[in-house]
Amino acid sequence: MATSSPLIQPTKSRAVGNDLRALLGSGKVKDDGPTLTAYAVDASIYRIPPQAVVLVESEDDIAATIGYARSRGIPLTPRAAGTNLTGSAIGSGIILDVSHLNRILEVNQEKKWVRVQPGIVLAELNKQLSSQGLMFGPDPSSGDMCKLGGMVANNSSGPHTLRYGSVKDNVQSLRLCLTSSSWIEARAYPLTDPTLERLLTMVPALRDVLVLTQAHADLIAAKRPTVSKNSCGYNLFGVADGLAQGVFDLPKLFVGSEGTLGIMSEATLRLVNRPTSTLTALLHFKNLEEVGHAVPQILTLQPSALEVMDANTLNLIGRATHGIPTDAAATLLLELDAASVEIDLQEQADALRTICRPYKLASEPTVAFDAERREQLWKARKALYPTLYRFDPKKKPINFVDDVVVPAEHISELIRYLEDFFGGQHVPVAIFGHIGNGNAHIVPLLDVNDRGDFEKMVQAYQDVHSTVLNRFGGSICGEHGDGRVRAEFVQRMFGDELYGLFVQVKKSFDPGNILNPGIKLSDASFTDHIDYTRLSKSCATCAKCNSVCPVYDVFQSEDMSARGWFEIVTANDYSYLNSKRVVEACLNCKSCRTICPAGVDVSDLILQKRAEHPNRLAGLIFRQQAKGINFDAFLHVLASTQRMWDRPFVRKLLERITGPIMKALAPTARLPHDLVLPKLARRHLRERYAHVATREIEESPTRTVAYFHGCAANYFDDGVGDAVIEVLKKHGVEPALPPQRCSGTPIQTYGHVDLVRDGARFNLRSFAPYETIVTGCASCTLMLKDYPTLFPEGEERQKAESLAKKVVHISEFVARSSEHPPMANTGGTTKRVTYHSSCHLRAAGVTKEPRQVLSSLPGVNFVEMQDADRCAGGAGTYVVKDYDTSKKIFDRKARAINQSGANVVATSCPACMIQLKNGLDNAVEVKHVAQLLQEAYRAAEGEKS
Ligand SMILES: Cc1cc2nc3c(=O)[nH]c(=O)nc-3n(C[C@H](O)[C@H](O)[C@H](O)COP(=O)(O)OP(=O)(O)OC[C@H]3O[C@@H](n4cnc5c(N)ncnc54)[C@H](O)[C@@H]3O)c2cc1C
Ligand code: SF4
Ligand code: SF4
């Protein structure tokens with residue numbers, strides 16, 4: 001059956017989009033070039049540009065889109081986060097993105113179930129359930145970004161499947177729209193249930209499946225995979241099991257059907273209790289065969305997860321980086337949960353050590369109980385696949401034999417076979433996965449643009465899959481789905497007869513082959529639609545960056561996301577004019593760069609594109625600022641008149657008057673009348689500290705520590721600069737304030753790279769003689785540390801590298817200081833303080849120190865807030881560039897601050913303070929870490945006197 005045949009194609013390129021806009025409203029339909037580019041990929045090796053994208057907002061939208069696709073014979077592909085590794089969320093027709101349907105509809109704590117929409121991210125769901133001590137058990141490593149719709153459609157699972165099963169074991173019911181546009185509730189119906197009969201009459205396809213499964217029960221039983229996990233083909237095995245027990249178990253049919261039978265709008269999921277305590281352990285084995293012997297013994301401890309990484313994988317991710325001994329032949333990562341207290345786990349840890357004693361381990365078992373350390377142990381494993389992208393500029397990890405399952409006791413034998421096979425091909429390969437389930441992820445590194453490597457890929461596809469079936473009696477797919485990549489092999493896995501039943505099932509539900517054609521059942525080669533261009537690029541399209549991108553958080557649309565932007569700005573047909581809308585939407589928060597396991601900096605790529613079209617107005621302003629005197633004088637005038645012009649009615653007028661000028665910054669830019677502007681300083685910081693603020697660059701200054709105050713602390717009356725200086729003094733240091741120019745961050749965001757370099761050269765000269773450069777601003781900290789990137793080579797590069805090493809944020813300075821000035825509680829009462837972790841400081845690697853400082857303050861009850869690491873949406877001037885989006889980004893931060901119950905929110909950045917003060921409206925006090933320190937030192941002084 002040629003299930004991948006293209007259907008009737010529209011004649012006009014935008015006809016589909018226009019029809020859909022007329023049907024659904026223009027806001028929900030996109031078909032511009034950048035959008036189609038962004039939606040042409042998922043996390044697989046394929047690329048297929050669609051004709052239009054629909055961001056559905058209701059069940060009516062789903063039904064209407066299906067109806068339209070059916071009537072026109074246009075392929076329709078449902079999509080959630082697009083993290084599948086098989087090409088199942090891309091298609092040539094309409095992409096139906098369910099990301100806007102992302103609510104939790106109902107939770108039943110007592111009966112432990114939750115009803116959700118398909119667009120909710122797994123991590124988000126579990127975060128919200130955590131307060132009730134519950135979670136959804138299946139945990140793909142992509143849990144920070146993947147969404148429930150995709151998880152259900154793929155029957156996903158993860159390391160903890162050993163304890164909690166796959167998605168199919170945890171679904172109670174689904175609400176689905178079929179190609180007829182009718183809705184069904186897919187639950188387990190007793191065969192005697194009268195509603196079932198009505199349903200079968202209403203939906204003949206369901207009766208077809210019932211009859212077909214009953215009639216072929218023997219064939220289905222004979223072909224049932226004998227391994228612990230299988231996501232290959234349609235799950236008629238589960239349906240047959242149900243029928244044997246007198247129920248028609250519909251979730252078994254639809255879970256894992258990869259959007260080929262119906263589109264889900266709701267899922268009711270079974271929940272489990274969160275473990276009260278957990279132990280994570282790392283075991284480095286010197287001998288692979290011994291792993292095979294140890295695993296059955298370790299399984300007697302009933303671990304909730306048991307993962308393996310082979311020697312090649314350890315080499316590829318870098319043993320030194322992850323502290324893995326050089327002689328480790330394989331590493332096991334395991335987790336043990338306790339329902340009660342930690343002492344049980346101590347006993348378990350002892351039992352584990354006893355089990356390991358007879359084996360040759362390359363080092364003592366590493367055992368961790370606290371969340372942070374455990375997370376650290378998991379980090380490399382969870383980001384393994386994209387991390388492999390760092391290995392070689394040409395050879396990339398290619399997912400085409402990535403998900404085989406064999407009986408767990410044969411996994412060492414499988415690994416040995418794979419190492420020999422790929423060794424024979426001279427192909428580096430990473431082998432890792434869920435050893436407890438016998439599920440191995442095999443990721444060879446290949447340059448598919450090289451003919452030789454391409455042929456090796458095709459050979460490996462056939463050999464590995466055949467060996468898994470014939471020698472090991474396994475399955476070609478445990479959890480990732482068949483998609484495009486395995487569809488070709490499904491018939492080989494199950495034989496013609498059972499495959500014929502699968503085809504009948506598909507035809508019954510989708511006679512026009514509208515829903516996700518080419519997925520699961522296809523005679524097309526797995527090499528069709530490979531994205532050769534992308535596979536020579538640096539991005540793994542894993543979407544991890546989307547999970548932290550504040551713009552994606554608000555828009556939930558791939559064209560407004562870090563991953564999408566990578567695709568857009570690196571596309572061969574990229575043009576600034578066509579892509580301006582998206583290229584100018586990035587906040588330059590750097591969250592994507594901080595998190596990307598492949599080492600990609602999307603924000604930098606975007607800045608490079610902006611640099612090709614620098615903003616004129618911004619250039620004019622920054623040039624004036626660099627000149628100094630006039631700019632400072634202008635700010636003095638503004639400061640002395642602020643009382644007059646910062647009144648509500650004048651601000652309204654100002655918003656109007658400045659409107660046309662602001663438009664020169666961006667079409668969305670304005671000076672919102674309700675934006676709480678920072679108070680401008682009547683005397684700038686440099687004037688207030690004139691005795692240490694030198695006018696000329698000093699070649700041999702007497703002081704060794706310099707304070708890079710940046711623009712905000714100089715021009716605003718926010719108390720930050722004074723606090724930093726006072727704190728330094730308490731630590732026995734009177735800093736110099738050498739002449740300085742803007743560090744460059746805001747200038748860079750408007751595309752003026754030359755101006756940034758000029759400023760950097762000035763700052764390099766001015767700060768070169770100092771041993772330590774203290775900052776109080778997150779963005780300045782990062783920019784100064786990033787100066788080497790502005791100078792590709794030579795003396796300037798060396799100077800920049802030398803300066804970068806000397807930069808410390810004030811919280812780092814205090815945390816590392818040997819001085820411990822006395823501190824006391826301010827005001828006598830205990831303050832509940834939480835911390836907003838500024839994006840640029842995180843990107844600069846400073847995360848622990850501000851928290852350490854805050855926790856050490858007397859009278860401070862430090863509480864970690866959820867989403868502390870998420871952007872607050874200020875991003876320098878972004879707040880005026882796109883105020884509405886900025887506010888939407890802040891909503892999430894405001895919720896987190898409120899939930900924390902804090903009366904003070906501390907941060908490390910004057911720019912974030914503006915956004916926090918504006919958004920929180922005095923409800924919670926906003927302080928810089930240095931200000932809280934200053935208060936504690938002053939309070940101790942006060943007590944003394
Ligand atoms: C780094 C990385 C690690 C991964 N680790 C794991 C792992 O440990 N375990 C694992 O199982 N997978 C893993 N995956 C694969 C992938 O993340 C999972 O399959 C995930 O559940 C897909 O979810 P998604 O939201 O991205 O779905 P998408 O990729 O958007 O879609 C997946 C499928 O679901 C269909 N679909 C989406 N929404 C609907 C709907 N509403 N109705 C009907 N069909 C729908 C799509 O058409 C498609 O067929 C990993 C991927 C990456 C990149
Ligand atoms: S930029 Fe990095 S995090 Fe984002 S999709 Fe690419 S590899 Fe993944
Ligand atoms: S810098 Fe921030 S806004 Fe821009 S792409 Fe990265 S995460 Fe998104």
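Order of appearance sets the numbers: ligands from 1, and atoms from 1 within every ligand. The figures here come from the full heavy-atom set of this structure, side chains too, leaving out hydrogens, waters and symmetry mates.
Taking the six-membered ring where the residue is Trp, the centroids of Y883 and F890 are separated by 6.0 Å or more.
Residues S779 and H840 have side chains that bring a donor and an acceptor to within less than 3.5 angstrom of each other.
When the options T77, N154, N439 are ranked by their closest heavy atom to atom 33 (C) of ligand 1, first place goes to N154. Counting heavy atoms only, A540 comes closest to atom 7 (S) of ligand 2 of the residues G82, A43, P597, A540. Taking only non-hydrogen atoms, the option from M264, H160, E258 nearest to atom 42 (N) of ligand 1 is M264. Nearest-residue assignment for atom 23 (O) of ligand 1 (options P138, C146, S231; heavy-atom criterion): C146.
Protein-derived N/O/S atoms nearer than 2.8 Å to atom 4 (Fe) of ligand 3 total 1, waters excluded.
Close contacts between ligand 1 and S88 involve ligand atoms 32 (C), 33 (C), 46 (C), 47 (O), 48 (C), 49 (O) [criterion: under 4.0 Å to a heavy atom]. Of all atoms in ligand 2, listed by their number and element, those nearer than 4.0 Å to a heavy atom of V600 are 1 (S). In the vicinity of T541, heavy-atom distances shorter than 4.0 Å reach the ligand 2 atoms 5 (S), 6 (Fe). Below 4.0 Å from some heavy atom of M151 lie the following atoms of ligand 1, by number and element: 21 (O), 23 (O). Each of the following atoms of ligand 2 lies closer than 4.0 Å to a heavy atom of C545: 1 (S), 3 (S), 4 (Fe), 5 (S).
Here S538 has no heavy atoms under 4.0 Å from ligand 2, in either its backbone or its side chain. When non-hydrogen atoms are compared, ligand 2 lies under 4.0 Å from the side chain of A598 (C-beta onward) but not from its backbone. Contacts between V98 and ligand 1 below 4.0 angstrom, taking non-hydrogen atoms only, involve the side chain exclusively.
The salt bridge (Lys or Arg N to Asp or Glu O under 4.0 Å) search around K609 returns E612, not counting sequence neighbours. Partners of Y574 by ring-ring contact (aromatic ring centres under 6.0 Å, His included), not counting sequence neighbours: none found.
Checked against a 3.5 angstrom limit, the closest N/O atoms of P118 and ligand 1 fall outside it. In terms of polar-atom proximity, R79 is not counted as a contact of ligand 1, lacking any N or O under 3.5 Å from an N or O of the ligand. Inclusion of E479 in the set of residues having an N or O under 3.5 Å from an N or O of ligand 1 is warranted.
Distances from ligand 1 to the non-hydrogen atoms of N516 include at least one value under 4.0 Å. Under a 4.0 angstrom heavy-atom cut-off, I519 registers as lying outside contact with ligand 1. Distances from ligand 1 to the non-hydrogen atoms of S265 include no value under 4.0 Å.
Evaluation of the salt bridge (charged side-chain N to carboxylate O under 4.0 Å, His left out) test over residues 78-88, restricted to residues two or more places apart or in two chains, returns R79-E558.
Ranking protein heavy atoms by distance to atom 53 (C) of ligand 1, first place goes to T83 O, 3.7 Å. Among protein heavy atoms, atom 8 (O) of ligand 1 sits closest to S141 N, 2.9 Å.
One finds a salt bridge joining D61 and K28 here, because a Lys/Arg side-chain nitrogen approaches an Asp/Glu carboxylate oxygen to under 4.0 Å.
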### K881/E584 under salt bridge (Lys or Arg N to Asp or Glu O under 4.0 Å): CA gap, chis, key distance, verdict
CA-CA 9 Å; K881 193 173 171 189; E584 291 295 340; 2.9 Å; yes
